[in-house]
Structures are given as C-alpha cells and as structure tokens.
Amino acid sequence: MAADDAHPLARLPRLWALYARMDLLFIARGMKTAFSWYFADLLLALGSAAWAFLLAARFDGIGVWSKQQVAFLLGLALFVRGVIDFALNANIYSPSRRIGRGQLDHMLLMPQPLWVTIASDGFMPFSCSGTLLAGAAVIAWSVQALALPISAGWLALLALHVLSAGVIMLSFAYLWGSLAFFAPRGAEEINTTTTRLIEQLKPFPLDGVGGGLSLLLLSVVPAGFLAWLPSRVLIGLSDSSWALVATPLAALVAALLAIAVFRLGLRHYGRTGSTRYLAHGHRR
C-alpha cells in the first residue's frame with residue numbers, strides 16, 4: 001500500500017495539485033475568460049468593503065482609526081475572505097447547499113474520509129485568487145503608509161490571525177449550515193444569508209459600539225474576530241495579552257463547536273438520508 005493511501009493527510013498535497021491543475025485549465029481557456037473572471041471577482045470583493053474606506057476618507061478616519069488604519073482593516077478583511085475563496089470554493093464554504101441538495105452523498109461515497117474531501121474539493125488557487133491578491137495589495141499599501149515595523153514575529157502574528165479568522169468564518173458557516181441536516185428544504189440557502197451578514201459587518205471598526213453589541217459581535221455573530229480585533233493587535237491599537245490570544249482561542253472554541261454540531265447532524269443524516277430526491281432521481 002502506498003504511503004499516501006495509508007495516511008489520508010498525505011493525500012492532500014496530491015489532491016490540491018489535481019484540483020489546482022483543473023482550475024488552471026479552466027482559467028487558461030482564454031484571456032477573455034481569465035480577465036472577466038478576475039475582474040468580476042475583484043469588483044465584488046472591493047465593492048463589499050469600499051464603503052468603510054470611503055467613509056473614513058470623507059471624515060478623515062472613523063473614531064480612533066485613521067484612514068490608513070481603516071485601509072489595513074479592509075485589506076485584512078479582504079485577505080481573510082480571499083483565503084476562504086482560495087481554499088474552500090465550490091460550495092465547501094456553503095455546506096447548507098451540499099447538504100440540502102443531497103450532494104453530501106457524493107462526498108460520502110468517495111473512498112476517503114469526509115474531512116479530506118472538505119479540505120481539498122474546493123481548492124481553486126487560480127480562478128479564485130482575485131480577492132486574496134487584492135487584500136494583500138491593500139495590506140502592503142497600508143503597512144507602508146503606517147510605517148509599521150515588519151519583522152518575522154509580526155508576519156507570524158499576521159499568519160496566525162488570518163488562519164484563526166478563516167477558521168472562525170468556516171466554523172460559523174458549518175454551524176449554521178448543519179441546520180440543513182434537519183430541514184434540507186428550508187435551510188438549503190441559509191449560508192447565503194449568514195455569509196452576507198458576516199461579510200457586511202466584518203470590515204467596520206467596532207470601537208464605541210457599546211459593550212452589549214461588542215459582545216454580540218464577538219460571540220453569536222463573530223464578525224469582530226475576522227478583521228477588527230486582529231487589526232487592533234497588528235497595528236498596535238491594542239497591546240493587551242487578552243487581545244493577543246483572543247482570536248486564536250475563539251477559533252479553537254468555534255472549531256470544536258462546529259465539529260460537534262456537524263457530527264450531530266451527520267448522525268441524523270445517517271438515519272434519514274437525503275429527502276430531496278424521488279425514487280427516479282428527480283429533485284423535489
């Protein structure tokens with residue numbers, strides 16, 4: 001038995017390479033396809049967050065945040081979403097669709113653990129890298145404008161917070177998406193709503209919104225962990241030890257909770273199966 005067959009984790013590089021090759025073939029069909037794909041992706045990404053920067057530019061900042069600091073916040077928000085688009089596309093980030101449409105069966109039939117399929121099936125590094133590149137460019141510009149001292153430790157802290165924010169976004173999606181196990185028709189598109197909610201809230205400085213609302217945006221709707229709190233740490237607006245570890249700890253808690261809820265739904269799915277198909281195969 002080959003080593004990659006014995007250890008599912010060792011399959012991931014091969015699967016990523018396979019999906020990357022298919023994605024490259026798709027985007028390389030012609031310049032028109034590549035340009036239109038990247039332009040639309042970039043336009044959507046910038047349009048979802050540009051309002052906060054325009055507001056900051058009009059009033060020379062938002063609260064204690066300067067224009068350059070708001071730009072860093074927006075760049076980080078774009079970059080985190082870019083990581084999700086880069087690695088977890090094809091409805092992997094919207095599990096309610098795959099569950100509600102009965103497509104989870106296709107994933108369960110694959111001769112590999114489900115988590116391996118989830119970790120590799122949405123890997124699209126070429127066609128879905130526009131938001132990632134835009135976020136990186138905005139971060140680079142704002143770092144230069146703020147004259148931040150960049151070091152290996154700062155870059156490691158940036159990577160840790162980006163990874164943690166991505167885990168929180170994914171966990172939030174799977175927590176809500178698991179409702180489709182129990183209500184496949186009603187909850188099929190619930191991730192569209194939850195994603196829109198968190199996307200609209202994450203590129204905004206939450207200073208001064210009040211203790212109650214801050215708690216809400218750091219728990220039930222964890223938008224504050226996706227860009228605001230990491231940005232405060234990275235640009236020096238907060239140097240408390242709590243702020244330094246809050247996002248990684250929140251990612252750990254969110255991941256454990258999402259795994260528990262998803263496994264609960266999966267057990268229910270194992271008893272009921274998909275209810276979205278008739279005996280002759282047509283979707284209800």
Side-chain angles (χ1 to χ4, degrees), residues 1 4-12 14-16 18-19 83-85 87-124 163-199 216 218-223 225-226 247-284:
M1 182 180 292
D4 59 338
D5 293 329
H7 304 286
L9 186 62
R11 294 182 186 179
L12 285 177
R14 288 184 55 191
L15 290 170
W16 286 332
L18 174 64
Y19 284 113
V83 170
I84 294 292
D85 290 344
L88 298 165
N89 220 291
N91 284 340
I92 292 296
Y93 181 57
S94 298
S96 65
R97 292 177 179 173
R98 291 208 174 190
I99 298 168
R101 296 171 183 174
Q103 296 170 355
L104 183 65
D105 290 352
H106 310 161
M107 301 168 69
L108 293 172
L109 287 172
M110 292 184 180
Q112 61 188 14
L114 180 60
W115 69 266
V116 174
T117 304
I118 292 174
S120 60
D121 197 26
F123 188 65
M124 302 176 71
L163 177 62
S164 299
V167 169
I168 292 171
M169 285 187 70
L170 186 63
S171 300
F172 186 70
Y174 273 75
L175 276 169
W176 284 100
S178 295
L179 288 176
F181 283 122
F182 306 96
R185 298 183 189 180
E188 178 183 329
E189 283 297 330
I190 194 170
N191 279 139
T192 302
T193 302
T194 58
T195 298
R196 185 183 300 118
L197 172 65
I198 208 166
E199 286 291 326
L216 178 67
L218 292 172
S219 55
V220 179
V221 183
F225 287 117
L226 305 184
T247 303
L249 287 178
L252 177 61
V253 172
L256 293 175
L257 183 60
I259 290 171
V261 171
F262 186 79
R263 292 183 67 178
L264 179 66
L266 199 59
R267 285 197 294 270
H268 175 79
Y269 191 79
R271 294 191 298 268
T272 62
S274 174
T275 61
R276 297 307 304 272
Y277 292 92
L278 299 174
H280 49 279
H282 291 289
R283 182 179 169 193
R284 285 190 174 100

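Positions are given from 1 along the sequence.
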Qualifying residue for side-chain contact (heavy atoms from CB on, under 4.5 Å) with Phe172, from Leu226, Val167, Thr194 | Thr194
Between Gly177 and Ile99, which heavy-atom pair has the shortest distance, and what is it?
-> O-CD1, 3.8 Å
Looking only at heavy atoms, the pair that brings Ala251 and Ser164 closest together is CB-O, 3.5 Å
Non-hydrogen side-chain atoms of Tyr174 and Ile92 separated by less than 4.5 Å | yes
Least distance between heavy atoms, Met169 atom then Tyr93 atom | CE-OH, 3.2 Å
Is there a side-chain contact between Leu114 and Phe262 (heavy atoms, below 4.5 Å)?
-> yes
Pairwise side-chain contact, Leu256 with Val253, heavy-atom cut-off 4.5 Å (strictly under) = no
Run the salt-bridge test on Arg97 and Glu189 with the 4.0 Å N-O cut-off and return the result as yes or no.
-> yes
Run the side-chain donor-acceptor check on residues 116-124: report pairs under 3.5 Å with partners two or more places apart or on a different chain.
residue: Thr117; atom: OG1; partner: Gln112; partner atom: NE2; Å: 2.9
residue: Ser120; atom: OG; partner: Val116; partner atom: O; Å: 2.8
residue: Asp121; atom: OD1; partner: Tyr19; partner atom: OH; Å: 3.0
residue: Asp121; atom: OD2; partner: Arg98; partner atom: NH1; Å: 2.7
residue: Asp121; atom: OD2; partner: Arg98; partner atom: NH2; Å: 2.9

Between OG1 on residue Thr192 and CG on residue Leu197, distance to nearest 0.5 Å = 12.5 Å
Rounded to the nearest 0.5 angstrom, the CD1-OG1 distance for Ile190 and Thr195 is 10.5 Å
Is Leu249 close to Phe225 at the side-chain level, that is, under 4.5 Å between some pair of heavy atoms?
-> no
Which value, rounded to the nearest 0.5 Å, describes the distance between Ile259 atom CD1 and Ser171 atom OG?
-> 7.5 Å
Going by atom types alone, do Asn191 and Ser94 pair a side-chain donor with an acceptor below 3.5 Å?
-> no
Between Gly265 and Phe182 the two heavy atoms that sit nearest each other are CA-CZ, 3.7 Å
From Leu104 CG over to Leu109 CG, what is the distance, rounded to the nearest 0.5 angstrom?
-> 9.5 Å
Hey, are the side chains of Pro222 and Ile198 touching, using non-hydrogen atoms and a 4.5 Å cut-off?
-> yes
Taken to the nearest 0.5 Å, the spacing of Asp105 CG from Tyr269 OH works out to 3.5 Å
For the atom pair OG1 (Thr247) and CG (Leu218), what is the distance rounded to the nearest 0.5 Å?
-> 8.5 Å
Over all atoms of both residues, closest heavy-atom pair of Ser96 and Glu188 = OG-O, 2.8 Å
